2 protein chains.
Amino acid sequence: MAQQTTKVALPACPVETTLSLIGNKWKVLILRDLAPGKKRFGQLQKSIGNVSQKVLTAQLRSMEADGLVHREVFAEVPPRVEYSLTDLGESLKPILNSMWAWGENYKQRFGQ
Amino acid sequence: MAQQTTKVALPACPVETTLSLIGNKWKVLILRDLAPGKKRFGQLQKSIGNVSQKVLTAQLRSMEADGLVHREVFAEVPPRVEYSLTDLGESLKPILNSMWAWGENYKQRFGQ
DNA sequence: CAGCATCCTTCAAGATACTG
DNA sequence: CAGTATCTTGAAGGATGCTG
């Protein structure tokens, strides 16, 4: 999979439409970590775990272009940038919740 | 993202656990197309759209190893292989449904 | 701090050909 | 039909260095 890039023509199938916007691991993790509230770039990088700046930046830019994420720059020294979910981004929470619930249940059945 | 490969140590976060099993486009599409019922290899390849045999085979094998998909071979000529969701695979339907619902709604708001 | 620019590596995935 | 076996490529992603 891929799509760094943004929404092109929408697929016929709604599932594919969703995949075209959050169809990779990073975006789901960004969503997860922004769900509780706004975070700075550095915080995000920490909470996600193993992302390079480059990748995180690219994913955030893509999600911003897709209207899922809001980016706010503060003119301070040192600079501060805060990311948060837009309403559209928030609307993805049910998907996230179902993934959370499934993973939780899976771990209880098969987990270590 | 990636994971052709299968479940290793489970991540702490349930969302990541889920991602480790269906964290790529192909698996979600396979899930979608097996949700209504069993399908043959060729049918799957058609309904998914643009998958090479190689990729489709690899994804199916991985999902089989993870216990999401059941593979049944019939000793016929020409050979027939049917794929279906296991109970565990079926249990992923809520995630799929939430993705379907979101995509549908998104298309109504922004789609052509 | 939050990035952009570069270079480099690796692996997923496409294409093609062959087979039980 | 449902694969397996190779070969190749393209893009994702890592590492490093520089800057407003």
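As the structure is a computational prediction, the values presented were derived from the model and not from experiment.
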Among the clusters formed by ILVMFWY side chains lying less than 4.5 Å apart, do B:Val77 and B:Phe41 turn up in the same one?
->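 Looking at the clustering, B:Phe41 is in a separate group from B:Val77.
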Return no unless some side-chain N or O of [X] is found under 4.0 Å from OP1 or OP2 of [N].
X	N	value
B:Arg61	D:dA2	no
A:Tyr83	C:dC1	no
A:Arg80	C:dA2	no
A:Arg40	C:dA2	yes

Quick one: are [X] and [Y] in side-chain contact, heavy atoms under 4.5 Å?
X	Y	result
B:Arg109	A:Leu88	yes
B:Thr18	A:Val28	no
A:Lys25	B:Glu16	no
B:Asn24	B:Gln59	yes

Proximity to the side chain of A:Gln59 - top-ranked nucleotide from C:dC1, D:dA2, D:dG13 |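 When the side chain of A:Gln59 is considered, D:dG13 is the closest of C:dC1, D:dA2, D:dG13.
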In whole angstrom, what separates B:Asn24's CG from D:dG13's P?
->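 After rounding, the gap between these two atoms is 12 Å.
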Residues that A:Arg40 engages under side-chain contact (heavy atoms from CB on, under 4.5 Å), provided they are two or more places apart |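 Per chain and number, A:Arg40 pairs via side-chain contact (heavy atoms from CB on, under 4.5 Å) with A:Gln43, A:Arg80, A:Glu82.
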Are there any protein N/O atoms within less than 3.5 Å of an N/O atom in nucleotides 14-20 of chain D, and if so, which ones and at what distance?
| unit_1 | atom_1 | unit_2 | atom_2 | d |
| --- | --- | --- | --- | --- |
| D:dG14 | O6 | A:Lys54 | NZ | 2.4 |

